[in-house]
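Remember, it's a predicted structure, so these values are computed and weren't measured experimentally.
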Amino acid sequence: MEFRAQARYMRVSPQKARLVLNLIKGRRVEDALNTLTFTNKRDAATIHKLLRSAVENANYLSSEKGVDVDIDSLYVKRAVANDGPRLKRIRPAPMGRAFRYVRRIAHIEIELAERGKSGESVATVVAREKATGKTPARGKAKRKAPAGKKKVGARK
C-alpha cells in the first residue's frame with residue numbers, strides 16, 4: 001500500500017523545499033523524522049509535520065480499515081515540491097520608480113510505501129489499465145499558412 005499526505009499553498013519556495021525533501025527520499029520514516037528534526041532549514045518543520053501526517057494516515061488505515069500495515073517498515077517513496085501560484089509584489093525604488101518581485105508558493109507531497117524484509121518495496125497497485133497494443137490515432141490539425149502582407153501601391 002501507498003500512503004500520501006500533501007500540503008498545498010505553503011509559503012516557501014519550491015526550490016528550497018526540494019533541498020529538504022532530497023534529504024529524506026528513500027529513507028525509512030524514523031530516519032527521515034530524525035533528519036528533519038536536526039535540519040537547520042525553515043521548511044524542515046513543515047515537512048516534518050507533513051511526514052507525520054502521512055504516517056498517521058497509514059496508522060489510521062491499519063487500525064480502522066483493517067489493512068495490514070507494518071508502520072516500522074515504511075519508507076519515503078516519493079517526495080515532491082511543485083510550483084503553486086505566484087504572488088507578484090512591488091517594492092518602492094529610488095526616484096519614484098518601482099521594482100517587481102515574486103513570492104513563490106509550493107505544493108508539497110509525500111508518499112510512503114511499505115518495504116519488505118528483504119528490502120524490496122511491497123507496494124500493491126490497485127488498478128492498472130490493460131495494454132491493448134493500439135494507441136488511439138490522433139488526427140493532425142492542419143495549420144494555415146500565415147497571410148502575406150499587402151504591399152502598398154502594388155496592383156494585381
Side-chain angles (χ1 to χ4, degrees), residues 1-93 98-144:
M1 288 287 297
E2 296 173 353
F3 311 99
R4 292 183 50 205
Q6 62 182 2
R8 297 176 57 87
Y9 302 102
M10 301 307 300
R11 264 294 297 126
V12 61
S13 168
Q15 182 180 7
K16 292 179 182 180
R18 286 183 199 116
L19 288 173
V20 178
L21 290 174
N22 287 336
L23 294 175
I24 65 170
K25 278 186 188 175
R27 291 188 178 205
R28 288 182 30 229
V29 171
E30 292 176 24
D31 295 339
L33 288 171
N34 287 337
T35 301
L36 290 173
T37 302
F38 298 111
T39 301
N40 192 16
K41 290 282 187 183
R42 184 181 67 128
D43 314 333
T46 304
I47 294 172
H48 186 275
K49 185 176 178 180
L50 185 63
L51 184 58
R52 284 183 44 215
S53 175
V55 171
E56 288 303 315
N57 290 344
N59 193 17
Y60 172 77
L61 283 176
S62 68
S63 64
E64 298 293 325
K65 301 288 184 176
V67 178
D68 186 27
V69 178
D70 183 18
I71 302 296
D72 295 330
S73 66
L74 290 177
Y75 74 101
V76 179
K77 181 178 180 182
R78 192 171 74 104
V80 180
N82 293 324
D83 286 338
R86 296 178 179 182
L87 300 174
K88 289 156 177 97
R89 297 290 178 254
I90 296 175
R91 175 179 298 143
F99 292 147
R100 294 187 72 189
Y101 65 96
V102 177
R103 294 193 171 236
R104 301 184 191 281
I105 295 176
H107 299 315
I108 303 171
E109 296 179 21
I110 293 181
E111 190 171 305
L112 305 179
E114 196 172 2
R115 190 172 274 164
K117 292 179 182 176
S118 62
E120 76 279 351
S121 65
V122 186
T124 57
V125 177
V126 177
R128 186 174 292 227
E129 294 182 25
K130 292 182 181 179
T132 60
K134 291 185 178 180
T135 57
R138 294 184 181 173
K140 293 186 178 180
K142 293 182 181 179
R143 292 182 7 173
K144 292 183 178 179

[atom2] on [Y] to [atom1] on [X], rounded to 0.5 Å:
X    : Y    : atom1 : atom2 : result
T46  : I108 : OG1   : CD1   : 6.5 Å
E111 : E2   : CD    : CD    : 4.5 Å
I71  : S62  : CD1   : OG    : 4.5 Å
L36  : L50  : CG    : CG    : 10.0 Å
I110 : K49  : CD1   : NZ    : 13.0 Å

Donor-acceptor list for residues 19-27 side chains, cut-off 3.5 Å, not counting sequence neighbours:
| from | atom 1 | to | atom 2 | distance (Å) |
| --- | --- | --- | --- | --- |
| N22 | ND2 | R18 | O | 3.2 |
| R27 | NE | L23 | O | 3.0 |
| R27 | NH1 | T35 | OG1 | 2.6 |

Please determine whether the number of non-hydrogen atoms from other residues, nucleotides or ligands lying under 6.0 Å from atom CZ of R103 exceeds 12.
no
Taking [Y]'s backbone N and O only, do any of them form a donor-acceptor pair with [X]'s side chain (distance below 3.5 Å, no angle check)?
X    : Y   : answer
H48  : T37 : no
N57  : R4  : yes
E114 : D70 : yes

I'd like to check Y9 versus P85 (side-chain heavy atoms, cut-off strictly below 4.5 Å). Are they in contact?
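Y9 vs P85: side chains touch.
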Taking the side chain as everything from C-beta on, heavy atoms only, tell me whether Y60 gets closer than 4.5 Å to K65.
yes
Verify side chain to side chain contact (heavy atoms under 4.5 Å, CB included) between D72 and E30, making sure each step is shown before the conclusion.
CA-CA 8 Å; D72 295 330; E30 292 176 24; 3.7 Å; yes
Just to verify, what does V29 make a side-chain contact (heavy atoms from CB on, under 4.5 Å) with, not counting sequence neighbours?
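side-chain contact (heavy atoms from CB on, under 4.5 Å) check on V29 returns L33, V55, L74, L112.
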What closest approach, in Å, do [X] and [Y] show between heavy atoms, and which atom pair accounts for it?
X   : Y   : result
A17 : A81 : CB-CB, 3.9 Å
A32 : V76 : CB-CG2, 4.2 Å
F3  : A54 : CB-O, 4.1 Å

Using the side chain to side chain contact (heavy atoms under 4.5 Å, CB included) rule, take V67 and M1 through it: C-alpha gap first, then chi angles, then the decisive distance, then the call.
CA-CA 9 Å; V67 178; M1 288 287 297; 3.8 Å; yes
Take H107 and M10 through the side chain to side chain contact (heavy atoms under 4.5 Å, CB included) test and state the conclusion after the steps.
CA-CA 6 Å; H107 299 315; M10 301 307 300; over 6 Å; no
Go through it in stages, so that I can follow the logic: the residues are L87 and I105, the test is side chain to side chain contact (heavy atoms under 4.5 Å, CB included), and I'd like the CA-CA distance, side-chain angles, deciding distance and then a yes or no.
CA-CA 8 Å; L87 300 174; I105 295 176; 4.1 Å; yes
Is it possible for you to check whether R89 lies under 6.0 Å from the centre of the six-membered ring of Y101, through NZ or CZ, and within 45° of that ring's axis?
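Geometry flag: not set, cation outside 6.0 Å or 45°.
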